Amino acid sequence: MAAAAARRAVPQEDMLERLHTMLHAEVAAAVAPIVSQERQWTESQLINRISRYLYNAAKHEDLLSLPWAEACTKYVELAMGSYGGACQDKTWFYDLDLGKIFGRAAWELLTASKHPQRLTFNEVTEMVGNEYELWLGETLHYQAMWVAVEKVFSEHKVRDKVFTSLKKFYTPALDFALNDSRPLDDLERLQVFLRKWMEDSLGRAWSAVGGPGILTQKSAAELFYALVAPFGEKGPFSCLPDILTKEIGRPPPRWDFIARHAASLFQRWESPQIGGATKKRRKAAGTSPAHDAVASSFAGSPPPQLAQRVGDDDDVLDEGAEGHPSCTSQEDCLGKPTDRLMQHVLHGRACDIYCFSCWRSFLQQSSGLEGIEIDAA
């Protein structure tokens with residue numbers, strides 16, 4: 001398709017009218033293969049609902065004032081926030097491919113942009129398609145984490161705390177492993193990641209849920225066994241980073257490295273000489289026994305060279321997880337000070353305010369939540 005450059009922006013009303021017509025037709029064709037899986041809504045209701053999620057996202061006037069790439073990214077965030085929140089629990093959610101429709105919707109949106117640029121249809125749809133796939137993958141990843149947590153813990157408050165901790169420290173742990181400058185192979189780097197993720201997330205969860213008797217060595221090991229294969233051993237999905245496992249494959253069921261590291265952590269936390277799981281106490285405690293046992297292979301025999309190369313990293317990393325000062329989650333906040341804010345609406349009444357990162361997390365757990373975006377104070 002020809003470039004859209006140097007053309008005058010069309011009125012927002014005209015853009016929305018065209019978008020509405022396009023969405024209804026495109027969504028109707030897209031849902032045809034999966035409509036038999038829907039048990040609650042009629043085909044017409046399904047089409048109208050999905051179309052409305054994508055249409056309403058385009059009505060945010062600030063999208064028209066942003067440069068095209070930012071506008072596209074924010075459009076996907078808004079549309080996926082509504083669509084994913086309402087439909088992610090549906091059996092057809094991951095079978096329905098809306099990537100091309102998101103791309104076409106963004107293209108229509110940009111016709112009313114106040115920033116006309118030399119763009120092609122393919123540029124826009126490729127960029128938006130990638131954003132859509134990233135969101136879809138992230139949604140599946142968080143859903144899998146929640147499934148793993150549900151398998152191990154029964155109390156809802158405990159589930160929330162553990163899930164929040166897992167999410168909060170996943171990316172810092174991955175960055176820590178990927179930025180390790182030592183010449184590690186994939187298995188060794190995976191172990192570095194898993195040690196860091198286990199120590200930081202379980203340490204925070206231990207403090208948040210009240211310590212002994214709730215989060216135990218056994219439940220911690222069972223949790224990470226479940227994270228390795230959240231949908232069962234026959235399912236291909238894993239919460240472990242694909243970048244670390246695509247060459248070596250997923251670890252086997254009940255990988256003994258997990259049990260050994262869980263034992264080391266709880267030995268340290270429960271020892272009266274060493275103390276609890278806080279960062280201050282970890283510093284006072286010195287080297288953990290876990291560091292001597294980091295190098296266990298899938299077969300259970302640790303490569304000797306790994307034990308020599310892996311050094312100390314006792315302190316919990318909080319970088320990249322500083323939180324939003326206005327978020328009700330406070331110390332458990334998953335976001336950053338630059339995140340947008342959402343206000344929970346319950347029965348028409350304005351309630352607590354959360355950053356967008358925490359709000360997305362809540363939608364993974366309860367798709368019926370309602371909220372509105374607000375300006376930061």
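Quantities reported herein were computed from a predicted structural model and do not represent experimental measurements.
Between the side chain of His261 and the main chain of Met198, no donor-acceptor pair closer than 3.5 Å is present. Looking at Glu38, its side chain does come within 3.5 Å of a backbone N or O of Gln40 through a donor-acceptor pair. Side-chain atoms of Ser264 come within 3.5 Å of backbone N or O of Arg260 as a donor-acceptor pair. With hydrogens and angles disregarded, a donor-acceptor distance shorter than 3.5 Å links the side chain of Arg189 to the backbone of Asp180. At least one donor-acceptor pair closer than 3.5 Å links the side chain of Tyr94 to the backbone N or O of Leu140. For the pair Glu70 (side chain) and Pro67 (backbone), a donor-acceptor distance under 3.5 Å is absent. Between the side chain of Ser238 and the main chain of Val228, a donor-acceptor pair closer than 3.5 Å is present.
Thr139 and Phe93 get closest at one heavy-atom pair: CG2-CE2, 4.1 Å. For the pair Ser201 and Ser165, the tightest heavy-atom approach, listed with the atom from each and the gap, is O-CB, 3.4 Å. What you find for Phe224 and Leu166 is that their closest heavy atoms are CZ-CD2, 3.8 Å. Nearest heavy atoms, Cys239 versus His141: O-NE2, 3.2 Å. Smallest separation of non-hydrogen atoms from Leu194 and Leu240: CD1-CD2, 4.0 Å. Among all heavy-atom pairs drawn from Ile214 and Ser219, the shortest one is O-OG, 4.0 Å.
Note: Glu150 CD to Met145 CE = 14.5 Å, rounded to the nearest 0.5 Å. In this structure, CH2 in Trp92 is found 13.0 Å from CZ in Arg39, a value given to the nearest 0.5 Å. The CG atom of Leu54 sits 8.0 Å away from the CE atom of Met22 when rounded to the nearest 0.5 Å. The CD atom of Glu188 sits 10.0 Å away from atom CD1 of Ile248, with the distance rounded to the nearest 0.5 Å. Atom CG of Leu64 is separated from atom OG1 of Thr111 by 9.0 Å, given to the nearest 0.5 angstrom. Distance check, rounded to the nearest 0.5 Å: OG1 of Thr245 to CG of Asp186 gives 9.0 Å.
In this structure, Phe121 is a member of the same hydrophobic cluster as Val10, with clusters built from ILVMFWY side-chain heavy atoms closer than 4.5 Å.
For the pair Trp41/Lys90, a side-chain contact is recorded, criterion being any heavy-atom separation below 4.5 Å from C-beta on. Taking the side chain as every heavy atom from C-beta outward, Thr73 and Met127 approach each other to under 4.5 Å. Counting only heavy atoms from C-beta outward, the side chains of Met15 and Leu110 never approach each other to under 4.5 Å. With a 4.5 Å cut-off on side-chain heavy atoms, Glu131 and Cys72 do not count as touching. Between Leu190 and Val192, the closest side-chain pair of non-hydrogen atoms is not below 4.5 Å. Proximity of Tyr75 to His60: side-chain heavy atoms (C-beta onward) are nowhere separated by under 4.5 Å. Under the 4.5 Å side-chain criterion, counting only non-hydrogen atoms from C-beta, Leu174 is in contact with Ile243. Using a 4.5 Å heavy-atom threshold, the side chains of Tyr55 and His24 count as separate.
Within 6.0 Å of CD in Glu17 there are 12 or fewer heavy atoms belonging to other residues, nucleotides or ligands. Within a 6.0 Å sphere centred on CD of Gln37, heavy atoms belonging to other residues, nucleotides or ligands number more than 12. Other residues, nucleotides and ligands contribute more than 12 heavy atoms inside 6.0 Å of the CG atom of Leu134.
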Evaluate the criterion salt bridge (charged side-chain N to carboxylate O under 4.0 Å, His left out) for residue pair Glu199 and Arg268; output intermediate values, then yes/no.
CA-CA 11 Å; Glu199 179 164 358; Arg268 171 149 49 107; 3.1 Å; yes

Applying side chain to side chain contact (heavy atoms under 4.5 Å, CB included) to Tyr225 and Val152, what does each step give before you reach the verdict?
CA-CA 10 Å; Tyr225 290 151; Val152 180; over 6 Å; no

Residue pair Phe153, Leu215: steps toward the side chain to side chain contact (heavy atoms under 4.5 Å, CB included) verdict:
CA-CA 9 Å; Phe153 302 100; Leu215 180 61; 3.7 Å; yes

Is there a side chain to side chain contact (heavy atoms under 4.5 Å, CB included) between Asp160 and Trp146 once you walk through the steps?
CA-CA 9 Å; Asp160 286 346; Trp146 182 252; 3.5 Å; yes

Please step through side chain to side chain contact (heavy atoms under 4.5 Å, CB included) for the pair Ile34 and Leu46, ending with a clear verdict.
CA-CA 10 Å; Ile34 58 90; Leu46 181 60; 4.0 Å; yes

Worked check of ring pair (Phe, Tyr, Trp, His ring centres under 6.0 Å) between Tyr132 and Tyr83
CA-CA 12 Å; Tyr132 168 78; Tyr83 165 61; 7.6 Å; no

Starting from the C-alpha separation in whole Å, work towards a yes-or-no answer on salt bridge (charged side-chain N to carboxylate O under 4.0 Å, His left out) for Lys74 and Asp62.
CA-CA 10 Å; Lys74 186 170 182 180; Asp62 59 335; 2.3 Å; yes

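Side-chain rings of Phe193 and Trp197 approach one another, their centers coming within less than 6.0 Å.
Under a cutoff of 6.0 Å and an axis angle of 45°, Lys196 and Phe169 do not form a cation-pi pair. In this structure, Lys161 is not positioned above the aromatic face of Trp206 in the sense of NZ or CZ being under 6.0 Å from the six-membered ring centre and within 45° of the axis.
Residue pairs that meet the ring pair (Phe, Tyr, Trp, His ring centres under 6.0 Å) test with at least one member in residues 229-248, sequence neighbours left out, are Phe231-Phe237.
A side-chain hydrogen bond (donor to acceptor under 3.5 Å, both in side chains) with Glu222 is found for exactly one of Arg254, Gln217, Lys151, namely Arg254.
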